[in-house]
Structures are given as C-alpha cells and as structure tokens.
Amino acid sequence: MRETTAFDVTASMAQSTSTGATALKYAAIFWYLVAAAGMSLFAFYILKFYGGSALQGDFAAWRKVMPRGIVPGDGTGNAMISSHLVFALIITFSGLLQLIPKLRSVAPRFHRWNGRVFVLGAVVATISGFYLTWVRGTVGSTGSQMGTTFNGVLILICAAMAVKCARARDFSAHRRWALRLFLLVNGVWFFRVGLFLWLMIHQKPVGFDPETFRGPFLVALAWSQSIVPLALLELYLRNRGRASNRAQWSVAMILLIATIAMAAGIFGAYMGLWRPRLG
C-alpha cells in the first residue's frame, strides 16, 4: 500500500483550493456579464428616450417620467438634470470598460484616460444629484433621500481614494477602491433592479405607495443600493485569495444566487419600465 506523502497532501490541498477559486472566479465573471447586459440596457434607454426626445425638442416627455424634468425658467435645475443624465450615460459604459482585465493590459494608456473620465463623470453626476435631491426637490421621503445622499457621499470618498492610490502607484488598493466606486455609481441602477424584483415577487406594490413613492420598503432600498453591493464585493475580495476551498465555494454560491436575483430584476425593469418607453 502506497504511503501518503507530504507532497501528496500539499498537491491535494492545492487542487482543492483551486476548485473553489475557479468557482469564485467564474461566478464573478457571470455577475459581470449579467450586470453589463442590464446596465447597457439602462444606458440605451437613457440615450434613446431622453436623448431622442431632447433632439426632437419634446421635453414634455421627460416630465411624464420625472415629476420635475425640464422646468421652464429653471436654467440651473435644467442644466443639472441634463448633466446628470449625460454623465450617467458616460460612466455606465466607461465603468464597464474599466473592469475588463484584458483591456487594462493591452491598452494601459486608454485605461488611465478612461479612468479619469469615469472619476470625473462620477463626481459631476453626484454633485448634480445632490442639487436635484436637496435644492430642486424630488419624489420620495426624507429617509429615501438620505439613503441616496449616503450613496453620493460614498462615491466622492471612493473616487478620492481611487485617485490617491493610483497616484501612489498602489495599484492593488486602487483596484479595490475603483471596484467600490463602480458599484456605487450604479446605485440608481441597483435601486431600479431591486424595485422591480420586489414587484415581480409580490405582483403588486408592497411596503410603499406608488402614487407618492413613499414607504418603508423604498427607504430600505435607498440604503441597500449602496450597502448590499458593497457587502457582496467585500465578501468576494476577502475570499478570492487564500481563503479555504469551502469558503470560496460558499461565496461563489452566494454570488450566483445574487446574480440570478439581479437578472430577474433586470428582466422586470426592462419589461415594466424601459421597454414600454422605448416604443
């Protein structure tokens, strides 16, 4: 009978660990592909609906979906909402490109300049969002608006840290802060996906009034749009390295379940919100 050597044990452990790492890697890739598809649909909706109606001078169409879209006489507010939409469109595609490893390696200069555009767009969109929330006013309760503002504050912090780490050439830390920034700037998208997942589950508004857009569920969702994606990211980052095989498999399964739920929410948002307005 052959004795088990230390080499055999080490090789077995390495192979075992690699299965969990591989599962986690492909779960993350699957998440990215589903998110990229959903975010691209959202960006296409912004471009076609808002951009198309703006080119036709039909700003009344904006007011059908935004209570305070383009308001006659409010030049500052109109400029803020327009810049918010434009930069939301830019950072959606810019952010998705930043997460492609191959692009970073074959076109580092493009990655750097695209990153600068992404960070600038994130800051401008956030500041305009603050104005629209607290100066011009928007729908929802104070609790919801505070959740959205919390998201914006985190965006500014993560943007500053991503730039700081890049300048210090601490690229490992830079990537972590950039990933957090990517998730946070898509908070509005996560909000919509979460809302339509909730509506698909219950088949009716539960926990909020659809007329006033107020209620405890919307407050919880406004805070969750930042907290939940960041929590999943931290779980992934902490377990992709030297974690046990079991831990990596567990995180991979959590990420897979979250991705399936996200896909369902994307489908609901497309069918219930984006597709009807695209004509």
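For reference, positions follow the sequence shown, starting with 1.
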Self-check item: Which atom of Ile266 lies closest to which atom of Val34, heavy atoms considered
Solution: CD1-O, 3.6 Å
Quiz prompt | Euclidean distance, Leu184 CG relative to Phe190 CZ, rounded to 0.5 Å | solution = 9.0 Å
Quiz item: Hey, does Phe87 have a side-chain heavy atom less than 4.5 Å from the side chain of Ile90?
Solution: yes
Quiz prompt | Residue pair Phe217 / Val206, side-chain heavy-atom distance below 4.5 Å | solution = no
Practice problem: Step through the shown structure and confirm whether more than 12 heavy atoms of other residues, nucleotides or ligands are within 6.0 Å of CZ on Arg116. | Solution: yes
Quiz item: Checking side chain to side chain contact (heavy atoms under 4.5 Å, CB included) for the pair Leu89/Leu85: CA distance, chi angles, key distance, verdict?
Solution: CA-CA 6 Å; Leu89 181 65; Leu85 290 169; over 6 Å; no
Self-check item: Test item: Met39 and Val193 side chains (from C-beta on) under 4.5 Å apart, heavy atoms
Solution: no
Self-check item: Side chain Thr138, main chain Thr133, donor-acceptor under 3.5 Å
Solution: no
Quiz item: When rounded to the nearest 0.5 angstrom, what is the spacing between CE in Met262 and CZ in Phe30?
Solution: 8.0 Å
Quiz item: What about Leu273 and Phe49, same hydrophobic cluster or not, with Ile/Leu/Val/Met/Phe/Trp/Tyr joined at side-chain heavy-atom distances under 4.5 Å?
Solution: yes
Quiz item: So with a 6.0 Å cut-off around CE of Met161, is the heavy-atom count from everything else above 12?
Solution: yes
Practice problem: May I ask you to test the Trp31-Leu232 pair for a side-chain heavy-atom distance under 4.5 Å? | Solution: no
Quiz prompt | Atom CZ of Phe93 with >12 non-hydrogen neighbours under 6.0 angstrom | solution = yes
Quiz item: Can you find a heavy atom in the side chain of Ser141 that is under 4.5 Å from one in the side chain of Leu218?
Solution: no
Quiz item: Which residue pairs satisfy the side-chain hydrogen bond (donor to acceptor under 3.5 Å, both in side chains) criterion with at least one member in residues 101-111, sequence neighbours excluded?
Solution: Gln98-His111
Quiz item: Do other residues, nucleotides or ligands put more than 12 heavy atoms under 6.0 Å from Phe171 CZ?
Solution: yes
Practice problem: Kindly indicate, with the supporting measurements, whether the criterion side chain to side chain contact (heavy atoms under 4.5 Å, CB included) is fulfilled by Thr126 and Phe130. | Solution: CA-CA 6 Å; Thr126 298; Phe130 286 159; 3.7 Å; yes
Practice problem: Indicate yes or no for a side-chain donor-acceptor contact from Asn114 to the backbone of Phe110 under 3.5 Å, with no hydrogens or angles considered. | Solution: no
Exercise. Identify the heavy atoms of Leu230 and Leu183 that sit nearest to each other, and give their distance.
Key: N-CD1, 4.3 Å
Quiz item: Cation-pi between Arg246 and Trp249: NZ/CZ under 6.0 Å from ring centre and within 45° of the ring axis?
Solution: no
Quiz item: Is the backbone of Gly143 close enough, under 3.5 Å, to the side chain of Trp223 for a donor and an acceptor to pair up by distance?
Solution: yes
Quiz prompt | Under 3.5 Å side-chain donor-acceptor pair for Ser226 and Asn151 | solution = yes
Self-check item: Arg180 to Trp177, cation-pi by 6.0 Å centre distance and 45° axis angle
Solution: yes
Self-check item: Separation between CG of Leu47 and OG1 of Thr92, rounded to the nearest 0.5 Å
Solution: 11.0 Å
Quiz item: How many angstroms lie between CD in Gln145 and CH2 in Trp134, if you round to the nearest 0.5 Å?
Solution: 5.0 Å
Quiz item: Hey, does Leu96 have a side-chain heavy atom less than 4.5 Å from the side chain of Phe182?
Solution: yes
Practice problem: Using a 4.5 Å cut-off on heavy atoms from C-beta on, say whether the side chain of Ile227 contacts that of Phe150. | Solution: yes
Quiz prompt | Minimum side-chain heavy-atom gap Arg136-Ile81 below 4.5 Å | solution = yes
Exercise. Might you work through the side chain to side chain contact (heavy atoms under 4.5 Å, CB included) test for Tyr32 and Ile100, ending with a clear yes or no?
Key: CA-CA 10 Å; Tyr32 172 81; Ile100 301 175; 3.5 Å; yes
Self-check item: Glu234 side-chain N/O to Ala231 backbone N/O, donor-acceptor pair under 3.5 Å
Solution: no
